[in-house]
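See structure below.
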Amino acid sequence: MAASPELGRTVADFTLPGGVLDGETFVRRDYGLAERRGLPLVIAFYPGDNTSVCTKQLCSYSSGLETFTDLGAEVWGISPQDVDSHESFARANNLRIPLLADTDRAVARAFGVAAPGIGVRRSVFLVGPDGALRWKHVALLGVTFQPVETLARELSRIEAP
């Protein structure tokens, strides 16, 4: 497994297909890290759609969306499932955050969180407006997740460039 990006270093750009539930419509498009430059971004890698801990985590982030938007941040969930799976997951749980499909786990490998058996380790990376990694948490077991309050506290410490 490759090492995750170092704090303070610019995160390499990537683009993944994904979608977000907007009302009753699941809007599909490509999401690129470069498009978020100038704004903070929460990247949440999770092992799988419709699993118990992942569902709790993504529901928590979706229901806490206002906390993130108040800090100027967006939250992207990334897992190895395809966009069709993400649409079903978003609809079943009324998730209002973009879900991105890293089906070949290339982005997970670049972040050092690809894992045999489970696909990806549950992890969260906070990317600052300047594109640099400002905070990260990579779980060893992944049976718990970082709460909205922790992420909000860490986001509030990120200064604009």
Worked verdict on Leu126 versus Leu133 for side chain to side chain contact (heavy atoms under 4.5 Å, CB included)
CA-CA 6 Å; Leu126 302 184; Leu133 182 62; 5.7 Å; no
Give the intermediate values and the outcome of side chain to side chain contact (heavy atoms under 4.5 Å, CB included) for residues Gln146 and Ser123.
CA-CA 8 Å; Gln146 294 300 301; Ser123 50; over 6 Å; no
Step by step, would you call Phe111 with Val138 a side chain to side chain contact (heavy atoms under 4.5 Å, CB included)?
CA-CA 10 Å; Phe111 276 80; Val138 179; over 6 Å; no
Check the pair Gln57 / Tyr46 against side chain to side chain contact (heavy atoms under 4.5 Å, CB included), numbers first and verdict last.
CA-CA 9 Å; Gln57 177 184 16; Tyr46 65 101; 3.9 Å; yes
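No salt bridge links Glu149 with Arg153; every basic N to acidic carboxylate O contact stays at or beyond 4.0 Å. Between Glu35 and Arg29, at least one side-chain nitrogen of the basic residue sits less than 4.0 Å from a carboxylate oxygen of the acidic one, meeting the salt-bridge criterion. Under a 4.0 Å N-O distance rule, the pair Arg134/Glu154 does not qualify as a salt bridge. Electrostatic pairing of Asp13 and Arg37 does not count as a salt bridge here, judged by no charged N lying under 4.0 Å from a carboxylate O.
By the rule that hydrophobic residues join a cluster once side-chain heavy atoms approach within less than 4.5 Å of another member, Val127 and Leu39 end up as members of separate clusters. Residues Ile97 and Leu21 do not share a hydrophobic cluster, defined by chaining ILVMFWY side chains whose heavy atoms lie under 4.5 Å apart. Leu95 and Phe26 fall into different hydrophobic clusters, where Ile, Leu, Val, Met, Phe, Trp and Tyr residues are linked whenever their side-chain heavy atoms come under 4.5 Å apart, directly or through other members. There is no path of hydrophobic side-chain contacts, each under 4.5 Å, that joins Val83 to Ile78.
Between the Thr55 side chain and the Thr51 main chain, a donor and an acceptor come within less than 3.5 Å of each other. No donor-acceptor pair under 3.5 Å is formed between the side chain of Thr67 and the backbone N or O of Leu65. Between the side chain of Arg105 and the main chain of Ala115, a donor-acceptor pair closer than 3.5 Å is present. With hydrogens and angles disregarded, a donor-acceptor distance shorter than 3.5 Å links the side chain of Arg109 to the backbone of Asp104. A distance-only check finds a donor-acceptor pair linking the side chain of Arg96 to the backbone of Gly23 [under 3.5 Å]. Put simply, the side chain of Thr69 gets close to the backbone of Glu66: a donor and an acceptor are under 3.5 Å apart.
Annotation for Pro40 and Gly72: closest pair CD-O, 3.4 Å, computed over non-hydrogen atoms. Contact between Pro80 and Pro47 at its shortest, heavy atoms only, is CD-O, 3.6 Å. Considering all non-hydrogen atoms of both residues, Leu155 and Ala73 come closest at CD1-CB, 3.8 Å. Shortest non-hydrogen contact noted between Val20 and Pro98 is CG2-N, 3.7 Å. Heavy atoms only, all atoms of each residue included: Ala101 and Leu16 are closest at O-CD2, 3.4 Å.
The CG atom of Asn50 sits 8.5 Å away from the CD atom of Gln81 when rounded to the nearest 0.5 Å. From Asp49, atom CG reaches atom OG of Ser79 across 4.5 Å, with rounding to the nearest 0.5 Å. Rounding to the nearest 0.5 Å gives a distance of 12.5 Å between CD1 of Ile43 and NZ of Lys136. For the atom pair Thr10 OG1 and Asp130 CG, the distance stands at 6.5 Å (nearest 0.5 Å). His86 contributes atom NE2, which lies 7.0 Å from atom CG of Leu100 (distance to the nearest 0.5 angstrom). Atom CG of Asp102 and atom CG of Asp82 lie 12.0 Å apart (nearest 0.5 Å).
Aromatic ring orientation, Phe125 versus Phe45: perpendicular (interplanar angle above 60°, classes split at 30° and 60°).
For the pair Trp135/Val42, no side-chain contact is recorded, criterion being any heavy-atom separation below 4.5 Å from C-beta on. The shortest distance between side-chain heavy atoms of Phe145 and Val53 falls below 4.5 Å. Residues Phe89 and Asp84 form no side-chain contact, since every pair of their non-hydrogen atoms from C-beta on lies 4.5 Å or further apart. Using a 4.5 Å heavy-atom cutoff, the side chains of Glu87 and Arg28 are in contact. A heavy-atom distance below 4.5 Å is found between the side chains of Tyr61 and Val124. Pro129 has its side chain within reach of Ile158: a pair of non-hydrogen atoms, C-beta onward, lies under 4.5 Å apart. Put simply, the side chain of Asn93 does not reach to within 4.5 Å of the side chain of Leu58, judged on heavy atoms.
Using modelled atom types, one finds no donor on one side chain facing an acceptor on the other under 3.5 Å when comparing Asp30 with Thr15.
Taking the ring centroids of Trp76 and Tyr31, they lie under the 6.0 Å cut-off.
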